[in-house]
Enquirer: 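Dropping the structure in here first, questions after.
Residue numbers start at 1 and run along the sequence shown. Everything numeric here is computed off the predicted structure, so don't read it as measured data.
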Amino acid sequence: MTLKIRVIAPDKIVWDAEAEEIILPSSTGQLGILSGHIPLLTALDIGVMRVRISKEWKPIILLGGFAEVNKDTITILVNGAEEVSKVDVEEARKNVEEATNLVEEAKTNKEKIEAVQALRKAKARIQAATVISE
């Protein structure tokens, strides 16, 4: 049996396909979903969603949101998403370094939150790129 997966960002439908398995970056950790999973609603963190289709994993970077699982249908509403084919690993590594410096230099709460978000996004890009190279 398969899962029907739909990822929706504010400006477009990012993913609309079937898969055998999905791993989501839940706010409480990685969450694996297979066919027959119980109904579920969960918050998503910035991270890599991995979808298994015909024994191959496809990563997509999610920038936070929510996921609903109901009767082998997974609807994911995200703040944003990035395709991994567009990730430049060297640039992402440089972004991690820059974001780490921003976290250390942040003085206000707003600066800290923005710097941490930038760091998490950069780390997710590197993680997604390594999933492809495996």
Enquirer: Let me see the working for T42 and L31 under side-chain contact (heavy atoms from CB on, under 4.5 Å), right down to the final yes or no.
Expert: CA-CA 9 Å; T42 188; L31 177 62; 3.9 Å; yes
Enquirer: Taking all non-hydrogen atoms of both residues into account, name the closest pair between L34 and E21 and its distance.
Expert: CD2-CG, 3.5 Å
Enquirer: Please report the closest heavy-atom contact between M49 and I22, naming both atoms and the distance.
Expert: SD-CD1, 3.5 Å
Enquirer: Grouping I, L, V, M, F, W and Y whenever their side-chain heavy atoms are under 4.5 Å apart, do W57 and V14 come out in a common cluster?
Expert: no
Enquirer: Grouping I, L, V, M, F, W and Y whenever their side-chain heavy atoms are under 4.5 Å apart, do L102 and I113 come out in a common cluster?
Expert: no
Enquirer: Decide if atom CD of E97 counts as having more than 12 heavy atoms of other residues, nucleotides or ligands within a radius under 6.0 Å.
Expert: no
Enquirer: Enter the distance from R52:CZ to L3:CG here, rounded to the nearest 0.5 Å.
Expert: 9.5 Å
Enquirer: Search all heavy atoms of A118 against all heavy atoms of A99 and return the closest pair with its distance.
Expert: C-CB, 3.9 Å
Enquirer: Please tell me whether I126 and V116 are part of a single hydrophobic cluster in this structure, the criterion being side-chain heavy atoms less than 4.5 Å apart.
Expert: yes
Enquirer: Would you say that Q30 contacts P25 through its side chain, given a criterion of any heavy-atom pair below 4.5 Å between the two side chains?
Expert: yes
Enquirer: To the nearest 0.5 Å, how far apart are CZ in R6 and CD1 in I13?
Expert: 3.5 Å
Enquirer: Check the hydrophobic clustering (I, L, V, M, F, W, Y; side-chain heavy atoms under 4.5 Å; chains of links allowed) and say if V48 and L24 are grouped together.
Expert: no
Enquirer: Going by atom type alone, with no hydrogens or angles, which donor-acceptor pairs under 3.5 Å involve a side-chain atom of residues 62-79 and a protein atom two or more places apart or on another chain?
Expert:
from: D72; atom 1: OD1; to: S35; atom 2: OG; distance (Å): 3.4
from: D72; atom 1: OD1; to: G36; atom 2: N; distance (Å): 2.6
from: D72; atom 1: OD2; to: S35; atom 2: OG; distance (Å): 3.2
from: N79; atom 1: ND2; to: L63; atom 2: O; distance (Å): 3.2

Enquirer: In this structure, would I33 and I5 fall into the same cluster of hydrophobic residues linked by side-chain contacts under 4.5 Å?
Expert: yes
Enquirer: Side-chain contact, heavy-atom cut-off 4.5 Å: V96 with L119?
Expert: yes
Enquirer: Scan for salt bridge (charged side-chain N to carboxylate O under 4.0 Å, His left out) pairs involving residues 100-118, sequence neighbours excluded, and state none if there are none.
Expert: K110-E114
Enquirer: Please report the shortest heavy-atom distance between E82 and I60, naming the atom on each side.
Expert: O-CG2, 3.7 Å
Enquirer: Should we say atom CG of D16 is surrounded by more than 12 heavy atoms from elsewhere, each under 6.0 Å from it?
Expert: yes
Enquirer: Which pair of non-hydrogen atoms, one from A128 and one from I61, has the smallest distance, and what is that distance?
Expert: CB-CG1, 3.7 Å
Enquirer: Looking at K94, I'd like to know if its NZ atom is crowded, meaning that more than 12 non-hydrogen atoms belonging to other residues, nucleotides or ligands lie closer than 6.0 Å.
Expert: no
Enquirer: How long is the straight-line distance from CG of N101 back to CD of E98, given to the nearest 0.5 Å?
Expert: 8.0 Å
